[in-house]
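Here is the structure we will look at, set down as structure tokens.
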Amino acid sequence: MESVDLLYKAIYILVIFGITLLIATYSTYFERKIAAFIQDRVGPNRAGPFGLLQPLADAGKLFFKEDFIPARANKALFILGPGVAMLVATMSSAVIPYGDMLIVGGREVYLQAIEVNIGVLYIFGVVSLGVYGLMIGGWASNNKFSLLGAIRAASQNISYELAMGLSLIAVLMMTGSLSLRVIAEQQAGFNWNIWYQPLGFIIFLVCAFAETNRTPFDLPESEAELIGGYHTEYGSMKLGMYLFAEYINIFVASSVMATLYFGAYNFPFMENLREAISDPVLANNVVTLVGVGVMFVKIFLFIFFFMWVRWTLPRFRYDQLMKLGWKILIPLAILNIILTAGGILLKDYLI
Amino acid sequence: MTESLFYFLASLTLLCALMVVISKNPVHSVLFLIITFFTISGHYVLLNAQFLAVVNIIVYAGAIMVLFLFVIMFLNMSKTGDSRMKTSTISKFAGAIAGGLLFIVLISALKDASVVGYNPETYNSQVGMVETLGQVLFTDYLLPFELASVLFLVAMVGAVMLGKKEEGESHF
């Protein structure tokens, strides 16, 4: 690879990393604002205009708090836990195509950190690692509530991973590729996968809630019975890291859903916009930049949906959660695969 | 570049694999085993077998090791007093003899082995890619592939049978 390309990739990865952190930071603010709106309150409004500096104030507070480690805790793993959670959370945004191709000075620049022909599997692998941060932290705290939280996290993640993988398989059968860029390109214009995979999308959405430990699936950290679950013993920025990793996971899950089911950077009348501009290079760049905007609008809508559900629905009971995962979602996902296969065969037969 | 990367990964793999055995704390052992799986996946990537690398992580690091960690955390072996398992002298002898025998067998097997090179002209660097792998699995090795999936199904049914509650058994 040329050094210019390498430099560009490095800059792009840093930019995506920065955007991820920024969105995660402001998710905390919007979560509180949306909660306040739903509960008919005002929400944070003291720090800066509309309380916009609240996340910075929170971060400052967390950093300056005492960094406390319980006496009987496993010190190394106690520190490692939040680190693993953050690392795994930020890893998966590497393969997501946030935009199509820009042409800068005759050079084609793809708005994707790495293009691998196993992108979907990569994301699936990283998602399956997400539970380690919780498990390590929960166990190392040497607290039975934390341990219970860690164990709940593990069994919940494993149960919902299966349904998630099965719902992904239907998408892969349609697109015939594991590369996220190819999947995004096939949904050009308004030809989004959601029109063909409504059931698969709903299964994936439910599993995404479970994998990110969001209400109604936030049993690993349920405050009522486990006093915070796996992060009961955590304080200061280590707790902040766990909460932060959750918001990064929401952002990544939203990007994945937007890419797989809602056409990634594609938007209706894309080709009309491309033809309306005479200069092909300019046309391409304009369409790409609008596409990036559209992609982020979709992501923000999904993040809003995550928050909306959190402040609307109560938490599941643990046996209900297991029953939903194993007895409803997995059979539905298998049914979805059979339906998709039938549809593909029928289409081949008719044409 | 690739060569130095290989040596780095190989030494890391061996170090972590050793730490799996040496660690006193079973949870540490499991975590080192997870790192070992990652470094092995790194080797697969160096061999241009990305599919294998990711599947290795999904299946071993993502699923099986989570269950291992789960069980070990539940049993909480490190906290009960006898965490340092007392090994009698006779079992140490038995272990040394068994390990030594395995070592001798390995040495005698590898003594006459020669490194099989590859032909740069006919070698296909895309052989580890998922498309090629799928093509081979569903044409040349269709029967073994399908038989393996039947075997998985049988194992799954067996697991469900074992996990099922007997008539009259108490709910815990």
Side-chain angles (χ1 to χ4, degrees), chain A residues 1 72 74 76-77 80-81 84 87-88 91 95 114-132 134-136 138-142 144 146-159 161-162 164-165 168 172 176-179 182 211 230 319 326 330, chain B residues 1 19 23-35 37-38 41 44-45 48-79 83 126 128-135 153 156 159-160 163-164 171-172:
Chain A
M1 199 188 277
R72 296 286 304 276
N74 187 324
L77 292 184
L80 190 69
V84 170
L87 172 78
V88 171
M91 255 164 76
V95 293
I114 44 167
E115 161 63 15
V116 280
N117 60 1
I118 44 153
V120 177
L121 284 179
Y122 174 85
I123 287 189
F124 196 60
V126 172
V127 164
S128 67
L129 297 175
V131 70
Y132 280 120
L134 275 60
M135 285 184 84
I136 293 172
W139 182 80
S141 305
N142 195 10
K144 60 183 82 146
S146 301
L147 183 67
L148 278 174
I151 284 167
R152 281 184 177 190
S155 39
Q156 177 179 323
N157 259 43
I158 288 184
S159 310
E161 236 164 57
L162 292 173
M164 190 182 224
L168 270 178
L172 301 182
S177 173
L178 288 168
S179 155
V182 174
E211 296 284 323
Y230 61 92
D319 60 322
W326 289 96
I330 291 179
Chain B
M1 174 72 183
M19 289 304 289
S23 297
K24 292 278 185 218
N25 189 332
V27 172
H28 289 181
S29 288
V30 172
L31 293 177
F32 276 115
L33 192 55
I34 294 165
I35 304 176
F37 283 128
F38 268 93
S41 277
Y44 288 142
V45 171
N48 211 10
Q50 299 163 356
F51 180 72
L52 210 55
V54 170
V55 166
N56 186 39
I57 287 186
I58 292 176
V59 173
Y60 286 98
I64 294 180
M65 295 322 287
V66 172
L67 289 176
F68 264 59
L69 207 56
F70 187 93
V71 170
I72 287 174
M73 282 176 178
F74 242 144
L75 297 177
N76 221 351
M77 290 199 282
S78 61
K79 248 183 272 171
S83 65
Q126 302 300 308
M129 294 292 164
V130 59
E131 290 91 353
T132 333
L133 200 67
Q135 209 91 51
L153 196 65
M156 228 160 77
V160 171
K164 226 173 144 184
H171 298 255
F172 58 88

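Residue numbering restarts at 1 for every chain, and letters A, B, ... go by the order of the sequence lines.
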**Message:** Rounded to the nearest 0.5 Å, what separates atom CD in B:Glu131 from atom CG in A:Asn117?
**Reply:** 5.5 Å
**Request:** Please report the C-alpha distance between B:Leu69 and A:Val131 in whole Å, then the side-chain angles of each, then the deciding distance to 0.1 Å, and finally whether the side chain to side chain contact (heavy atoms under 4.5 Å, CB included) criterion is met.
**Result:** CA-CA 11 Å; B:Leu69 207 56; A:Val131 70; over 6 Å; no
**Residue pair B:Val66 / A:Ile158, side-chain heavy-atom distance below 4.5 Å** = yes
**Prompt:** Heavy-atom distance under 4.5 Å between the side chains of B:Leu31 and A:Leu77, does that happen here?
**Reply:** yes
**Message:** Less than 4.5 Å to any heavy atom of chain B: does that hold for the side chain of A:Ser155, its backbone, both, or neither?
**Reply:** both
**Request:** Could you tell me whether the side chain of B:Met65 reaches within less than 4.5 Å of the side chain of A:Tyr132, counting heavy atoms only?
**Result:** yes
**Prompt:** Rounded to the nearest 0.5 Å, how far does CG of A:Leu129 lie from CD1 of B:Ile34?
**Reply:** 8.5 Å
**Contact origin within A:Asn74 toward chain B - heavy atom pairs under 4.5 Å** = side chain
**Asked** Once you round to the nearest 0.5 Å, how far does CD1 of A:Ile118 lie from CD1 of B:Ile58?
**Response** 8.5 Å
**Prompt:** Are any non-hydrogen side-chain atoms of B:Val54 and A:Phe124 less than 4.5 angstrom apart?
**Reply:** no
**Message:** Do B:Val130 and A:Leu121 make a side-chain contact, defined as non-hydrogen atoms from C-beta onward lying under 4.5 Å apart?
**Reply:** no
**Message:** If I compare all heavy atoms of B:Gly62 with all of A:Ser128, which pair ends up nearest, and what's the gap?
**Reply:** CA-OG, 3.6 Å
